Amino acid sequence: MSGAKAPDLLHAVNVLPDLTGIDRTFTYLIPNEVAVTTGMIVRINLANRRVRAWIVDDHVDIPEGVTCKPIEGVVSLALDVDRIALAKFAGWRYAGRIRPFLLAGSPERIVRERDLPDPRSLVGTLSEELDQTDPVGIATRDLMASGGGVLQLPPTAQRLSVVRSALEMLERGDQQGKDLLVLVPERRDVETLARRLRRLGVRCATLPEDFGSAFVGGVVVIGTRNAVFGPVGSLGAIVVLDAQSESYVDQRAPTWNATVIAQERARLAGAICILTSPAPPLAITAESRVRQLERPYERAHWPALEVLDRRSDDPRSGLYSPMLGEIVHLALERDDRPVACILNRTGRLRLLACRSCGEVARCEHCDGAMRQLEGAGSEVSPVLTCSRCAKTRPLICTFCHSGQLKVLRVGATRAAEELSALLGLPTKLVTGDRESTDRAQQDEIDARVIVGTEAILHRQSSASLVVFLDFDQHLFAPRFGAAEESLSILALAGRLVGPRGSHSVGAFARRLVVQTRLPEHEVVVAAREGDPSKINATELVRRRELNLPPSSAIALISGEEAAAFIELLAGDPSIEVGLFDDVPNTPKRQGSIRYLVRAMSTRLLCEALSAREGFGAGLRIEVDPSSI
DNA sequence: CGGACAAGCTGA
DNA sequence: CAGCTTGTCCGG
C-alpha cells in the first residue's frame with residue numbers, strides 16, 4: 001500500500017504524550033526509514049523519560065527556536081486521521097482533554113501491522129434472506145437511503161432487524177465494501193448481538209478485544225460507548241441501538257456522550273448514522289429526522305400497562321396498593337416467570353421522623369437527612385447515617401430524645417422485607433451493589449419475587465410483571481429530563497414482559513404495573529398507548545419556557561478555579577453565567593460551588609469554553625449535564 | 001505526570 | 001548553612 005509513496009525526507013510530526021498531566025503536543029522527528037501514519041502510538045523521549053505518545057499531526061513545520069528529537073520507535077497501531085479528528089472534536093465539544101478519547105480508540109495491547117488479519121470482504125455474508133415486508137426493515141432501509149436519522153423503535157420490536165437491514169444496504173450499490181459499526185449500551189448486548197449475527201453467517205469483530213479485525217474491516221464492528229472511537233475498516237454506517245441509554249454517557253469528566261460522537265463520526269466520514277430508541281429524547285430528535293413506524297405496529301410492540309391509582313388509598317398502606325398482593329399472587333400462579341418490583345432507593349429506611357414530636361431525623365452537623373443503611377450481613381444496622389456527610393448516630397430523636405421513630409420513606413431493602421411479609425413468600429433483593437446481590441442470591445436463590453432498584457431491568461431477561469412501587473419518584477426526579485427518563489424506564493421494563501397481547505388465550509397477561517398518584521400523567525399515558533411522541537410536544541414547550549436544552553446549551557463549572565474561570569467567561573456576550581448551587585459539606589469536598597453556564601447553541605457554548613486553556617485540574621467542566 | 005530548581009523552615 | 005519540605009515551572 002505505502003510502497004508507492006514518495007520517499008519523505010526526515011519529517012516532523014506533532015505528538016500528544018500519554019501522560020495524565022500533559023495537555024499539549026510536542027514536535028518530534030521521524031527518521032527516513034521509519035513509516036508512520038497519523039494516529040499511531042510511538043515511543044518518545046520527553047524530559048528524559050521514555051513515554052508513549054500518539055501522532056496527532058503529520059508533516060508539520062518545526063517551531064522556531066526548538067531543537068526536535070527523533071522518536072525512539074513505533075509502538076502500536078491505534079487511531080487514524082479521521083479518528084484523531086474525531087477525538088479533537090470531542091475535546092472541543094466536551095471542553096476536556098483529548099487523551100481520554102485517544103485511549104478509548106486505542107487497543108488494549110500492542111497491535112503491529114504484521115499482526116493484522118487478512119482483509120476479507122463482507123459481500124454475500126448474509127446466509128439467510130431478510131423478510132422484505134418487515135416494517136422495521138423497511139423503515140431502516142428508508143433511513144439508510146435518505147441519509148440517516150432517528151428510528152423510533154418500540155421496545156419489543158426486533159433490533160436485530162435494524163442491523164441486518166443496514167448491513168444489507170451496505171452490501172449493495174455504491175456503498176459496497178463499506179463496514180458497519182454498531183453501538184449497544186452494555187457489554188452483554190455486545191455478546192448477544194455478535195452471537196446472533198454470527199449464527200446468520202455474518203463476520204463480527206467485538207471491541208475492544210478484536211481490534212485487529214475491526215481495523216482491517218470486512219466485519220461488523222460491535223461495541224459499547226468507547227467503540228465510537230474504535231477502528232472500523234472503511235466506515236459506511238453507524239447504528240446506535242437504544243440511543244437514549246445513559247450507558248452512552250461517561251460519568252467521569254469529560255462527561256461525553258457516544259451518541260453525539262457517533263453522529264459527528266458519521267458526518268466526518270460521509271457515512272450514515274441511524275439512532276434507534278423506543279422513546280427518543282429531545283436531545284436527539286431536535287436535530288435529526290425521526291422515522292416512526294405505523295401506529296398500530298408501534299402500539300402493539302409496547303407492553304401492556306396497568307395503572308394502580310394511589311390517590312384514594314389509605315396513606316398507612318405505605319408503598320403497597322390494596323390490590324397489589326392479589327395481582328402478584330395471580331401472576332406467580334399463572335406464569336412461571338418471576339415478578340420484579342422496582343424501587344429506586346437503596347438502603348432500608350430513607351427518611352424518618354420522631355413518633356412523639358414529629359421532627360424529621362436530620363444530621364446535627366450538616367442538616368442532611370439521616371437514613372438507615374442496610375446492615376452488614378443480614379442484621380439490621382443499629383445506627384442512622386447522614387446521607388450527606390456520612391456521620392452516624394443512634395436511632396434517637398435529637399430534638400426530644402425519644403427512641404421511637406416512624407418511617408416516612410423506605411428503601412428497597414425494607415421494601416423486600418415488607419413485601420415478603422405481605423405476600424407470605426420469600427423475596428430476592430437486587431441492587432446495583434454487586435456484593436448485596438450475590439449475598440441475596442445465595443440466601444434466597446429460589447425466590448420468585450425480585451425487589452430492588454432499576455438494576456433489575458438490566459439483570460433480568462423476563463418477568464410476568466414489572467411493578468413500579470413508586471413511579472412518582474421517577475416522574476418527580478429533580479432533573480429536567482425526568483419525564484423522558486421515566487418513559488425510557490417503562491420501555492426497558494417492557495422488554496421483560498413482552499408486547500401487549502402476546503399471551504395465548506387464557507394465559508396470564510404479562511404487563512407493567514405502575515403505582516402512581518398521577519394516573520393521567522403524560523408519561524403514563526404515552527407508555528400505555530405506546531406513543532412516545534405524546535410527551536415531546538409538551539416537553540418541548542416546557543424546555544423552551546425554562547430555556548433548557550434543546551432550547552439552549554448548558555454546562556456546569558466547578559472546582560477550585562471555577563470562580564476565576566467564570567469571571568473570564570462573564571466578559572463573553574454569547575454566554576450567560578449564574579450560580580447553580582452550593583454543594584454542602586460532602587465527605588470529600590468541602591462546600592464546593594457550582595456555576596451554570598448557558599449559551600444559545602452548542603457551538604457558542606463550546607467556543608466560549610475553549611477559554612479553559614491554561615486552567616488545570618482545578619477546573620471541572622460538565623457539558624450537557626443531566627443532573628440539573 | 002515527574003524531574004529540576006528555587007524558595008522557605010528548622011536546628012545546633 | 002546543610003538538609004529537608006513545599007511550590008512552581010516545563011518538557012520538542
Side-chain angles (χ1 to χ4, degrees), chain A residues 7-81 83-85 87-88 90-92 94-110 208 226 229 250-256 557-568 588-590 592 609-622:
Chain A
D8 282 328
L9 293 174
L10 193 76
H11 74 282
V13 296
N14 283 341
V15 302
L16 187 103
D18 183 14
L19 295 171
T20 336
I22 295 185
D23 189 27
R24 52 165 295 211
T25 62
F26 298 86
T27 309
Y28 278 81
L29 300 172
I30 306 293
N32 279 340
E33 67 278 11
V34 180
V36 295
T37 53
T38 306
M40 269 185 174
I41 297 173
V42 293
R43 187 169 302 283
I44 57 165
N45 183 317
L46 180 74
N48 280 323
R49 278 198 295 162
R50 304 181 77 220
V51 295
R52 289 180 179 191
W54 289 273
I55 297 180
V56 293
D57 298 294
D58 205 349
H59 298 281
V60 298
D61 296 330
I62 296 170
E64 254 177 76
V66 275
T67 46
C68 297
K69 296 177 193 168
I71 64 166
E72 295 199 337
V74 173
V75 175
S76 177
L77 292 174
L79 294 103
D80 51 59
V81 188
R83 289 184 291 139
I84 290 288
K88 288 176 180 172
W92 172 82
Y94 292 104
R97 299 179 172 176
I98 73 167
R99 195 180 85 111
F101 307 120
L102 298 178
L103 278 173
S106 301
E108 292 178 310
R109 285 183 299 273
I110 291 171
N226 276 354
F229 290 102
D250 197 337
Q251 304 295 312
R252 304 177 312 248
T255 52
W256 57 284
I557 315 289
S558 59
E560 279 169 23
E561 293 184 72
F565 182 62
I566 288 295
E567 204 168 313
L568 186 70
K588 279 183 191 157
R589 224 183 299 170
Q590 295 272 314
S592 76
L609 293 177
S610 301
R612 75 184 179 86
E613 279 173 45
F615 288 83
L619 183 65
R620 189 187 139 92
I621 304 176
E622 204 183 326

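This one's a predicted model, so the numbers in the text were calculated from it and none came from an experiment.
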Margin query: Whether the side chain of A/R99 engages the backbone of A/D23 through a donor-acceptor N/O pair (distance < 3.5 Å, no angle test) should be reported.
Written below: no

Margin query: Regarding A/N14 and A/T27, do their side chains bring together a donor and an acceptor under 3.5 Å, going by distance alone?
Written below: yes

Check: Going by heavy atoms in the side chains, are A/K69 and A/L29 under 4.5 Å from each other?
Finding: no

Atom [atom1] of [X] to atom [atom2] of [N]: distance rounded to whole Å?
X	N	atom1	atom2	answer
A/N48	C/dC10	CG	P	17 Å
A/E72	C/dG11	CD	C1'	14 Å
A/R24	C/dC10	CZ	P	10 Å
A/F26	C/dG11	CZ	C1'	5 Å
A/I62	C/dG12	CD1	P	14 Å
A/R99	B/dC1	CZ	C1'	9 Å
A/K69	C/dC10	NZ	C1'	12 Å
A/N14	C/dG12	CG	P	14 Å

Next item on the list: Please work out if A/T20 contacts a base, only the sugar-phosphate, or nothing of the nucleic acid, heavy-atom cut-off 4.0 Å.
Entry: sugar-phosphate

Check: Checking all strands, does A/P63 fall into the base, sugar-phosphate, or nothing category for heavy-atom contacts under 4.0 angstrom?
Finding: base

Item checked: Closest contact, heavy atoms only, A/S76 versus A/R109 -> OG-O, 4.4 Å

